[in-house]
Amino acid sequence: AVYEAPFRGEADDFYKPQEGTLLHRIWKMRKLTFRQQRAWKKFVEDLRAAHGESGKVTSSYETAVQVSGNCEEPIIVSVSAAYQRIDNLANRYLDKDERILLRDLVTDEIQSPGILRLELIGLARNGYRDDAQARATGVANVCYLMSRIAGFYGY
């Protein structure tokens with residue numbers, strides 16, 4: 001009887017993804033669990049808060065000449081905690097295929113919302129050419145990645 005009950009995901013307005021993105025489309029389809037929505041929101045918050053500093057990277061020519069050469073002082077690099085979490089997620093927690101999908105979702109979120117399509121994910125990752133099958137497997141791949149991100153954040 002458990003297998004006969006259809007999946008009914010939540011669509012909590014508090015965790016609503018940016019409109020026009022692929023995650024927003026999946027959210028509207030009610031395919032994401034509360035845990036997955038919460039994880040994506042936390043990831044996007046980290047993404048927007050991530051910043052780093054690499055010291056002086058620009059200067060006048062005169063200043064650059066005066067300090068170039070054998071410099072005794074080490075260059076101190078500092079990054080935010082959000083940057084460190086994203087770096088750990090991408091480089092230590094996720095595998096190569098998951099990183100590629102995450103990169104595509106980040107591009108969809110930040111640069112060009114609406115370009116990424118579920119059917120392309122299903123085709124690229126699983127080889128499905130039929131739109132319905134590619135869409136279904138695209139949703140499954142994104143939902144699995146959201147579950148992995150939720151696990152990383154401890155949700």
Side-chain angles (χ1 to χ4, degrees), residues 1-58 74-155:
V2 171
Y3 296 112
E4 293 176 6
F7 173 77
R8 178 110 171 114
E10 299 99 6
D12 190 333
D13 284 338
F14 182 73
Y15 296 110
K16 180 179 178 180
Q18 178 182 328
E19 288 193 33
T21 62
L22 181 76
L23 258 295
H24 183 258
R25 181 178 174 196
I26 295 173
W27 178 83
K28 282 192 333 188
M29 295 166 62
R30 294 183 177 266
K31 298 295 182 187
L32 296 171
T33 64
F34 177 72
R35 177 177 174 256
Q36 293 166 337
Q37 293 173 56
R38 187 175 169 197
W40 181 249
K41 183 172 179 73
K42 176 63 177 164
F43 174 77
V44 171
E45 287 172 358
D46 277 352
L47 190 64
R48 296 194 186 281
H51 58 83
E53 182 182 331
S54 59
K56 294 181 179 180
V57 292
T58 60
I75 297 173
I76 298 171
V77 176
S78 63
V79 294
S80 66
Y83 182 93
Q84 289 176 334
R85 281 191 297 272
I86 289 174
D87 184 58
N88 286 336
L89 172 67
N91 295 320
R92 292 177 183 84
Y93 191 76
L94 301 177
D95 67 24
K96 180 183 174 189
D97 291 335
E98 292 167 339
R99 280 193 302 270
I100 291 169
L101 181 56
L102 181 60
R103 181 197 64 208
D104 292 342
L105 291 171
V106 167
T107 302
D108 188 50
E109 176 76 26
I110 302 295
Q111 292 179 340
S112 36
I115 289 181
L116 190 60
R117 294 182 42 232
L118 289 168
E119 294 81 6
L120 294 176
I121 294 170
L123 174 65
R125 291 187 56 120
N126 302 96
Y128 289 108
R129 296 189 183 276
D130 177 67
D131 279 350
Q133 290 177 331
R135 189 177 314 109
T137 193
V139 168
N141 280 297
V142 172
C143 288
Y144 177 73
L145 177 61
M146 292 303 109
S147 292
R148 294 274 293 146
I149 293 172
F152 174 79
Y153 282 111
Y155 296 142

Ignoring hydrogens and geometry, is there a side-chain-to-backbone donor-acceptor pair from [X] to [Y] under 3.5 Å?
X     : Y      : value
Asp46 : Tyr83  : no
Gln36 : Cys143 : yes
Gln37 : Asp12  : yes

So, do [X] and [Y] sit near enough that their side-chain heavy atoms are less than 4.5 Å apart?
X     : Y      : value
Leu23 : Met146 : yes
Leu94 : Leu101 : no
Arg38 : Thr33  : no
Arg48 : Ile110 : yes
Trp40 : Leu32  : no

Practice problem: Test side-chain contact (heavy atoms from CB on, under 4.5 Å) on Asp104 and Asp108 and set out the steps. | Solution: CA-CA 6 Å; Asp104 292 342; Asp108 188 50; over 6 Å; no

Self-check item: Pair listing, ring-ring contact (aromatic ring centres under 6.0 Å, His included) test, anchored in residues 86-134, at least two apart
Solution: Tyr93-Phe152

Exercise. Could you tell me whether Arg85 and Glu45 make a salt bridge, using a distance below 4.0 angstrom between a side-chain N and a carboxylate O?
Key: no

Would you give me the side-chain donor-acceptor pairs under 3.5 Å for residues 117-127, sequence neighbours excluded?
from: Glu119; atom 1: OE2; to: Arg135; atom 2: NE; distance (Å): 2.7
from: Glu119; atom 1: OE2; to: Arg135; atom 2: NH2; distance (Å): 3.4
from: Arg125; atom 1: NE; to: Asn141; atom 2: OD1; distance (Å): 3.2
from: Arg125; atom 1: NH1; to: Asp97; atom 2: O; distance (Å): 3.0
from: Asn126; atom 1: OD1; to: Thr137; atom 2: OG1; distance (Å): 2.9
from: Asn126; atom 1: OD1; to: Asn141; atom 2: ND2; distance (Å): 2.8

Quiz prompt | The single option from Ile26, Thr21, Leu22 passing side chain to side chain contact (heavy atoms under 4.5 Å, CB included) against His24 | solution = Thr21

Exercise. List the steps and the verdict of ring pair (Phe, Tyr, Trp, His ring centres under 6.0 Å) for Tyr153 and Phe43.
Key: CA-CA 9 Å; Tyr153 282 111; Phe43 174 77; 7.1 Å; no

Quiz prompt | Criterion side-chain contact (heavy atoms from CB on, under 4.5 Å) on Thr107 and Leu116, from CA distance to verdict | solution = CA-CA 9 Å; Thr107 302; Leu116 190 60; over 6 Å; no

